[in-house]
Number of protein chains: 2
Amino acid sequence: MKPASASRRRLLAASAALGAHVWVPRGVKGYATADVSRALQGSTPAGTSKWDLDTPALCVDLDRLERNIAGMQAAVKRFGLATRPHAKTHKSADIAKLQLAAGAIGICCAKLGEAEALAAQGVDRLCMTTSNVSPAKIRRAMQLRKRSPTFIQAVDTEENARDLSEAAREAGVVADVVVDVAVGTRTGVPPGEDALQVARLVDRLPSLRLRGLLSYDGGAQHVNGFAARKARALAGIQPNADTYEAMKKAGLATEIFSGGGTGTYNIQHLVPGFTDVQVGSYVFMDMQYLAIGSEDGNPVYADFAPSLTVVATVLNNRFPGRLTTDAGAKALTLNAPRAGVVGEPGAEYAATSDEFGVISFKEGPTRSYAIGDRLEMIVPHCDPVVNLYDVMYGIRGDRVERVIPVTARGRSQ
Amino acid sequence: MKPASASRRRLLAASAALGAHVWVPRGVKGYATADVSRALQGSTPAGTSKWDLDTPALCVDLDRLERNIAGMQAAVKRFGLATRPHAKTHKSADIAKLQLAAGAIGICCAKLGEAEALAAQGVDRLCMTTSNVSPAKIRRAMQLRKRSPTFIQAVDTEENARDLSEAAREAGVVADVVVDVAVGTRTGVPPGEDALQVARLVDRLPSLRLRGLLSYDGGAQHVNGFAARKARALAGIQPNADTYEAMKKAGLATEIFSGGGTGTYNIQHLVPGFTDVQVGSYVFMDMQYLAIGSEDGNPVYADFAPSLTVVATVLNNRFPGRLTTDAGAKALTLNAPRAGVVGEPGAEYAATSDEFGVISFKEGPTRSYAIGDRLEMIVPHCDPVVNLYDVMYGIRGDRVERVIPVTARGRSQ
């Protein structure tokens, strides 16, 4: 861990990472989603300006998004790995399809409702990384497997494997299964003999087909500094690597050995047998990831560019040293570190109120802000922010090129 | 402020406030919303058990909800006030209608999108408590006023009043307006001469009709202990009370003097001229409000009963001293204090992961929990939790009586 001042410098650098603030004239239009969609279908092919959107507006810079996707594919290819990006981050069928088109071998889902919503929009090669434990959910998963033959389901207990096999038989399918082997103490079966028992049972059960194992280490992703992150990630996964070897030795299927994330995408290839990374946040980035630092010692994690922002409107400038905006916790969440104000590295953004954001300034502001002016924020943590919005605006330059539905928004079941 | 141990005792008491945990057998059904809606229309009038819902499930106990609404109406009647409940809490047309049917004189909205969504479902007497500052939003507000003649709009600057009058003229209406007078430094025009200037202008402008003033003090609502809360609320609103008197003396309309919330509903009547309270959370309650203490010295704020819960499923019990559930930050938010586990006052609920909750035990657990078991949580802070769900289940006893749409979910614009 670094001292607070270094951490502060990281954040200052991170909040400046999206470049200078664009001056926005007063009297912006404030178009709602329906207006924007109409404009895209109509006679204004250039699209609406992002500064003219009704706010709070969730925006994704398409150039950066595409570069992030291409950059990740190129990187893991060098490492001899594949990507199986996690859709819990974007919850978007459109973005999942971009990832698959770029070469991803599959798409992970955290919740069954998420997988169902994406499959309904034509996303295939889905891998559900959480076990389903209620009878209805196990059945629904196997109905999804029936509709989407490339679906893979995680299991983490012997009882769950038996229930799943029964539901697969009922659905008339042989289901592809991976064993979720715990890294840490949150989900999954502990590595070693416990995991092997589950794997052996899956291998034996008539309606299941063992494909390998998952080993996601959520706790390693945000460790500050590359060296510390690498040490933590490799130590954490060692028991799982041993389990992989034992499965292989026992003749069990190990064609999938999947895990890792945006923080460890360039570390996981050091684990023998590892096949693919479940990277999520790299498409958008956020203040949390920007602060963890790059392999080259850059305090800002600059491997991927922040593409996801929330545009907000200044509602009040009457009180000295502060601005009130229309983006509070219902628009930006309470995650730490706080939102970064683009072009105002000395700003502190408090989204502690549900409906309003309050910006105070440790340095600056760089200019005066009038009521109605727009400000753009890098989000604290991308996954839960995306989950608050029905759509994100796909921006090219400063124009809306497409309206991207958040297909699985709220699908936490 | 009380020492930490008293605060801890408050929370322990609060988390026990919903009564004992109900034993839930394994093999619960896990019905999704569509299943539940079908069951309500079909041959099972008794409805689905709340323990059989797919999880995380947002549930509201209808007996408690109705008692909270009736209790608030009775209380403010004794104080000589009315209610104008805030819909930012429930975002539900159905619950707004219950409040109006019980005698509320109006319904407040924080965002224009919220007001539009509720109006589209037949809720009238809406009062938008935030000024709209973009041209499109000002126009939309006046179109809403045209469709819904009882709509009232807040303004807080002279320029905004002029823009609104112009938009009202364009829409062919004379718009009812209240001046939002700041308590604190978040929104509104400062009390005193600044506020009077806005009020005088609204009174003069041809397409506006002044109705009075708003004075909401968000900072006073969660002050711990009744005496401290009362002192803070009355001191905070004094400049606004003076502004009210000055407006009255100047012959300006003051028929609305509105503010206050669940924490100060029994304090606001001490402000001369005050007309109605913008109470929101009282319908549901949450861990934040349960901890502030009652007027009678009860460390638990027991004036209203906690009616809103999230039912979650145990996904993992393999790791000593902890349980993993399927309700993380996307189901419960990161608000503090943390969720209270019903019937397990010694439990600590961490929803710090997006997808998973982790329960650890300072005391207890009172029984062993198997994978698939259900647990019920009182939410940390009701407003942002409701905003995560498309529906809440209206529960009578332990049966689903109705599926209540969260009409304005995500309408943060």
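Here the structure is a predicted model, which means the values were calculated and not measured. Sequence lines set the chain letters: A, B, ... in the order given, protein chains first and strands last, and positions in each chain run from 1.
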Contact class of [X] relative to chain A, heavy atoms under 4.5 angstrom:
| X | value |
| --- | --- |
| B/T313 | side chain |
| B/D354 | side chain |
| B/N335 | both |
| B/D156 | both |

- [ ] Could you tell me whether B/D390 and A/R409 make a salt bridge, using a distance below 4.0 angstrom between a side-chain N and a carboxylate O?
- [x] yes
Let me know if [X] has heavy atoms under 4.5 Å from chain B in its side chain, its backbone, both or neither.
| X | value |
| --- | --- |
| A/T130 | side chain |
| A/A329 | neither |
| A/A312 | neither |
| A/R322 | side chain |
| A/R139 | neither |

Task: Interatomic distance, A/T129 atom OG1 to A/L214 atom CG [nearest 0.5 angstrom] - done: 7.0 Å
TODO: Report yes or no: does A/N160 contribute a side-chain atom to a donor-acceptor pair with the main-chain N or O of A/T157 at less than 3.5 Å?
DONE: no
Task: B/Q288 side chain to B/A336 backbone, donor-acceptor under 3.5 Å - done: yes
- [ ] Under 4.5 Å, counting heavy-atom pairs only, tell me which of B/G410, B/P384, B/A57 racks up the most with chain A.
- [x] B/P384
Task: Minimal non-hydrogen separation, B/V310 against B/A331, with atom names - done: CG2-O, 4.0 Å
TODO: If the plane angle is over 60° it's perpendicular, under 30° parallel, otherwise tilted; pick one for B/Y369 and B/F361.
DONE: parallel
